[in-house]
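Chain letters run A, B, ... following the sequence lines, proteins first, then strands; residues in each count from 1.
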Amino acid sequence: GAVVSQHPSRVICKSGTSVKIECRSLDFQATTMFWYRQFPKQSLMLMATSNEGSKATYEQGVEKDKFLINHASLTLSTLTVTSAHPEDSSFYICSASPGLRYNEQFFGPGTRLTVL
Amino acid sequence: GENVEQHPSTLSVQEGDSAVIKCTYSDSASNYFPWYKQELGKGPQLIIDIRSNVGEKKDQRIAVTLNKTAKHFSLHITETQPEDSAVYFCAARILRSYIPTFGRGTSLIVHP
(Lines give C-alpha, C1' and ligand atoms only; values in the text may rest on other atoms or scores of the structure.)
Protein backbone atom coordinates (compact mmCIF):
# COMPACT_ATOMS: atom_id res chain seq x y z
CA GLY A 1 0.00 0.00 0.00
CA ALA A 2 0.85 3.73 0.01
CA VAL A 3 2.15 3.92 -3.54
CA VAL A 4 2.84 7.24 -5.19
CA SER A 5 3.50 7.52 -8.91
CA GLN A 6 4.92 10.32 -11.03
CA HIS A 7 4.67 10.92 -14.72
CA PRO A 8 6.74 11.36 -16.71
CA SER A 9 9.86 9.81 -15.23
CA ARG A 10 12.07 11.76 -17.59
CA VAL A 11 11.41 14.78 -19.77
CA ILE A 12 13.62 16.83 -22.04
CA CYS A 13 12.31 20.15 -23.28
CA LYS A 14 13.49 23.26 -25.04
CA SER A 15 14.14 26.47 -23.18
CA GLY A 16 11.03 28.62 -22.96
CA THR A 17 8.53 25.79 -23.03
CA SER A 18 6.36 24.61 -20.15
CA VAL A 19 6.43 21.14 -18.64
CA LYS A 20 3.77 19.46 -16.53
CA ILE A 21 4.59 16.73 -14.00
CA GLU A 22 1.86 14.61 -12.47
CA CYS A 23 1.88 13.07 -9.02
CA ARG A 24 -0.71 10.47 -8.10
CA SER A 25 -1.45 8.56 -4.93
CA LEU A 26 -2.52 5.18 -6.26
CA ASP A 27 -4.11 3.45 -3.31
CA PHE A 28 -4.92 6.17 -0.82
CA GLN A 29 -6.36 9.65 -0.66
CA ALA A 30 -3.97 12.44 0.12
CA THR A 31 -5.31 15.75 1.29
CA THR A 32 -1.76 17.04 1.30
CA MET A 33 0.96 16.53 -1.27
CA PHE A 34 4.45 17.97 -1.37
CA TRP A 35 6.85 18.91 -4.13
CA TYR A 36 10.60 18.69 -3.67
CA ARG A 37 13.55 19.52 -5.84
CA GLN A 38 16.83 17.68 -5.61
CA PHE A 39 20.12 18.73 -7.15
CA PRO A 40 22.81 16.11 -7.82
CA LYS A 41 24.32 14.69 -4.66
CA GLN A 42 22.26 16.99 -2.49
CA SER A 43 19.35 16.65 -0.14
CA LEU A 44 15.69 17.27 -0.89
CA MET A 45 14.55 20.86 -0.93
CA LEU A 46 10.86 21.42 -0.21
CA MET A 47 9.33 23.66 -2.84
CA ALA A 48 5.69 23.75 -1.84
CA THR A 49 2.90 22.09 0.06
CA SER A 50 -0.21 21.34 -1.94
CA ASN A 51 -3.64 21.00 -0.37
CA GLU A 52 -6.59 19.62 -2.29
CA GLY A 53 -8.92 22.35 -3.41
CA SER A 54 -6.82 25.24 -2.20
CA LYS A 55 -3.78 27.23 -3.22
CA ALA A 56 -0.38 25.75 -2.62
CA THR A 57 1.91 27.10 0.05
CA TYR A 58 5.31 27.89 -1.37
CA GLU A 59 8.60 27.88 0.51
CA GLN A 60 10.62 31.04 0.67
CA GLY A 61 12.53 31.68 -2.53
CA VAL A 62 10.32 29.50 -4.73
CA GLU A 63 8.57 31.47 -7.46
CA LYS A 64 4.87 30.62 -7.48
CA ASP A 65 4.43 31.95 -11.01
CA LYS A 66 7.30 29.81 -12.20
CA PHE A 67 6.23 26.60 -10.54
CA LEU A 68 2.47 26.27 -10.82
CA ILE A 69 0.91 23.68 -8.56
CA ASN A 70 -2.61 22.35 -8.89
CA HIS A 71 -4.07 19.82 -6.46
CA ALA A 72 -7.25 19.00 -8.33
CA SER A 73 -8.32 15.90 -6.46
CA LEU A 74 -7.43 13.79 -3.44
CA THR A 75 -5.21 11.62 -5.62
CA LEU A 76 -3.64 14.03 -8.09
CA SER A 77 -1.34 17.01 -7.88
CA THR A 78 0.47 18.59 -10.80
CA LEU A 79 3.56 20.76 -11.00
CA THR A 80 3.99 22.90 -14.10
CA VAL A 81 7.37 24.45 -14.75
CA THR A 82 6.58 27.48 -16.87
CA SER A 83 8.97 29.03 -19.38
CA ALA A 84 11.62 26.53 -18.42
CA HIS A 85 15.28 27.47 -18.49
CA PRO A 86 18.39 25.29 -18.21
CA GLU A 87 18.76 26.21 -14.54
CA ASP A 88 15.38 24.54 -13.92
CA SER A 89 16.94 21.22 -14.86
CA SER A 90 16.70 19.04 -11.79
CA PHE A 91 15.13 15.98 -10.20
CA TYR A 92 11.61 16.76 -9.01
CA ILE A 93 10.05 14.50 -6.40
CA CYS A 94 6.54 14.56 -5.03
CA SER A 95 5.26 12.99 -1.87
CA ALA A 96 1.83 12.40 -0.41
CA SER A 97 0.47 11.67 3.02
CA PRO A 98 -2.63 9.64 3.82
CA GLY A 99 -2.73 11.42 7.16
CA LEU A 100 -2.45 8.17 9.07
CA ARG A 101 0.10 6.78 11.50
CA TYR A 102 2.73 9.45 11.95
CA ASN A 103 1.61 11.73 9.12
CA GLU A 104 4.15 9.80 7.10
CA GLN A 105 4.99 10.97 3.61
CA PHE A 106 5.34 8.50 0.79
CA PHE A 107 7.57 9.61 -2.04
CA GLY A 108 7.12 9.20 -5.75
CA PRO A 109 9.91 7.88 -7.98
CA GLY A 110 10.87 11.34 -9.19
CA THR A 111 10.96 13.12 -12.54
CA ARG A 112 14.24 14.05 -14.19
CA LEU A 113 13.77 17.36 -16.06
CA THR A 114 16.39 18.46 -18.55
CA VAL A 115 15.96 21.85 -20.20
CA LEU A 116 18.07 22.38 -23.30
CA GLY B 1 14.02 26.19 12.68
CA GLU B 2 15.27 22.63 12.79
CA ASN B 3 18.79 21.82 11.60
CA VAL B 4 19.85 18.24 10.90
CA GLU B 5 23.51 17.33 10.46
CA GLN B 6 24.43 13.97 8.95
CA HIS B 7 27.78 12.18 8.84
CA PRO B 8 29.61 10.80 7.03
CA SER B 9 28.79 12.07 3.55
CA THR B 10 30.31 8.95 2.03
CA LEU B 11 30.77 5.52 3.59
CA SER B 12 32.53 2.64 1.90
CA VAL B 13 32.41 -0.85 3.44
CA GLN B 14 33.09 -4.43 2.48
CA GLU B 15 30.19 -6.81 2.07
CA GLY B 16 29.34 -8.33 5.43
CA ASP B 17 30.65 -5.40 7.45
CA SER B 18 28.45 -3.10 9.49
CA ALA B 19 27.67 0.50 8.55
CA VAL B 20 26.74 3.32 10.89
CA ILE B 21 25.36 6.70 9.88
CA LYS B 22 24.96 9.41 12.48
CA CYS B 23 22.70 12.44 12.66
CA THR B 24 22.17 15.26 15.10
CA TYR B 25 19.24 17.62 15.34
CA SER B 26 18.79 20.99 16.98
CA ASP B 27 15.10 21.38 17.83
CA SER B 28 14.18 19.63 21.06
CA ALA B 29 10.53 19.70 19.93
CA SER B 30 11.28 17.18 17.18
CA ASN B 31 9.89 13.80 18.15
CA TYR B 32 9.84 11.71 15.00
CA PHE B 33 12.92 10.54 13.12
CA PRO B 34 12.54 8.64 9.85
CA TRP B 35 15.32 7.24 7.70
CA TYR B 36 15.07 7.02 3.93
CA LYS B 37 16.96 5.03 1.33
CA GLN B 38 17.28 6.55 -2.12
CA GLU B 39 18.56 4.46 -4.99
CA LEU B 40 19.96 6.11 -8.09
CA GLY B 41 17.27 7.81 -10.13
CA LYS B 42 14.49 6.96 -7.69
CA GLY B 43 12.57 8.69 -4.93
CA PRO B 44 13.37 8.14 -1.24
CA GLN B 45 11.81 5.16 0.47
CA LEU B 46 11.17 4.95 4.20
CA ILE B 47 13.19 2.12 5.69
CA ILE B 48 12.77 2.64 9.43
CA ASP B 49 11.58 5.31 11.83
CA ILE B 50 11.65 6.01 15.54
CA ARG B 51 9.67 8.16 17.89
CA SER B 52 11.23 10.09 20.73
CA ASN B 53 9.66 7.88 23.40
CA VAL B 54 11.73 4.93 22.16
CA GLY B 55 15.49 4.56 22.43
CA GLU B 56 16.06 1.82 19.89
CA LYS B 57 14.19 0.04 17.14
CA LYS B 58 15.28 -2.89 15.03
CA ASP B 59 14.02 -4.41 11.80
CA GLN B 60 16.06 -7.38 10.60
CA ARG B 61 19.45 -6.01 9.55
CA ILE B 62 18.71 -2.38 10.24
CA ALA B 63 18.36 -0.62 13.56
CA VAL B 64 18.00 2.95 14.69
CA THR B 65 19.05 4.38 18.04
CA LEU B 66 18.01 7.68 19.54
CA ASN B 67 19.62 9.70 22.32
CA LYS B 68 17.09 12.39 22.99
CA THR B 69 19.22 14.13 25.61
CA ALA B 70 22.14 14.52 23.25
CA LYS B 71 19.89 15.01 20.21
CA HIS B 72 21.67 12.22 18.35
CA PHE B 73 20.21 9.40 16.31
CA SER B 74 21.95 6.76 14.26
CA LEU B 75 21.24 4.13 11.62
CA HIS B 76 22.98 0.78 11.92
CA ILE B 77 23.09 -1.71 9.08
CA THR B 78 24.59 -5.11 9.84
CA GLU B 79 25.82 -7.75 7.41
CA THR B 80 25.81 -5.25 4.57
CA GLN B 81 25.08 -6.45 1.05
CA PRO B 82 25.81 -4.80 -2.31
CA GLU B 83 22.11 -4.02 -2.70
CA ASP B 84 22.35 -1.84 0.40
CA SER B 85 24.39 0.60 -1.72
CA ALA B 86 22.35 3.80 -1.95
CA VAL B 87 22.06 7.27 -0.47
CA TYR B 88 20.57 7.32 3.01
CA PHE B 89 18.85 10.38 4.45
CA CYS B 90 17.96 10.98 8.06
CA ALA B 91 15.19 13.40 8.94
CA ALA B 92 13.60 14.98 11.96
CA ARG B 93 10.20 16.55 12.52
CA ILE B 94 7.47 17.19 14.99
CA LEU B 95 5.01 14.32 14.85
CA ARG B 96 1.94 16.45 14.16
CA SER B 97 3.74 18.26 11.35
CA TYR B 98 4.07 16.88 7.84
CA ILE B 99 7.33 18.58 6.98
CA PRO B 100 10.60 16.86 7.91
CA THR B 101 14.00 18.47 7.89
CA PHE B 102 16.40 16.24 5.98
CA GLY B 103 20.06 15.62 6.54
CA ARG B 104 22.40 16.07 3.58
CA GLY B 105 22.58 12.35 2.89
CA THR B 106 25.18 9.59 3.13
CA SER B 107 26.30 7.69 0.08
CA LEU B 108 26.83 4.09 1.20
CA ILE B 109 28.91 1.89 -1.06
CA VAL B 110 29.10 -1.82 -0.26
CA HIS B 111 31.90 -3.57 -2.10
CA PRO B 112 31.33 -7.24 -2.95
Does NZ belonging to A:Lys66 count more than 12 external heavy atoms closer than 6.0 Å? yes
Where A:Gln42 and B:Phe89 come nearest, the two heavy atoms and their spacing: O-CZ, 3.8 Å
NE2 (A:His85) with more than 12 external heavy atoms under 6.0 Å: yes
More than 12 heavy atoms of other residues, nucleotides or ligands under 6.0 Å from CZ of B:Arg61: is that the case? yes
Give, as side chain, backbone, both or neither, the part of B:Phe102 having an atom under 4.5 angstrom from any heavy atom of chain A. both
Where on A:Gln6 is there a heavy atom nearer than 4.5 Å to chain B: the side chain, the backbone, both, or neither? neither
So which atom in A:Phe107 and which in B:Gln45 form the shortest heavy-atom distance, rounded to 0.1 Å? O-NE2, 3.8 Å
For B:Gln60, look at atom CD and say whether over 12 heavy atoms of other residues, nucleotides or ligands are found less than 6.0 Å away. no
Are any side-chain N or O atoms of A:Ser43 and backbone N or O atoms of B:Gly105, one a donor and one an acceptor, separated by less than 3.5 Å? no
What are the two closest heavy atoms between B:Ile99 and A:Gln105, and how far apart are they? CA-NE2, 4.1 Å
Could you tell me which non-hydrogen atom of B:Lys42 sits nearest to which non-hydrogen atom of A:Phe91, and how far apart they are? O-CE2, 3.6 Å
For the CG atom on A:Leu116, are there more than 12 heavy atoms of other groups (residues, nucleotides or ligands in this structure) within a distance under 6.0 Å? yes
Mark yes when over 12 heavy atoms from residues, nucleotides or ligands other than B:Glu15 sit less than 6.0 Å from its CD; otherwise mark no. yes
Does any heavy atom of chain B fall under 4.5 Å from the side chain of A:Thr49, the backbone, both, or neither of them? side chain
Could you check whether atom CZ of A:Arg112 has more than 12 heavy atoms from other residues, nucleotides or ligands sitting under 6.0 Å from it? yes
Is chain A contacted by the side chain of B:Gln38, its backbone, both, or neither, given a heavy-atom distance below 4.5 Å? side chain
Gap between atom NZ of A:Lys41 and atom OG of B:Ser9 - 0.5 Å precision: 10.0 Å
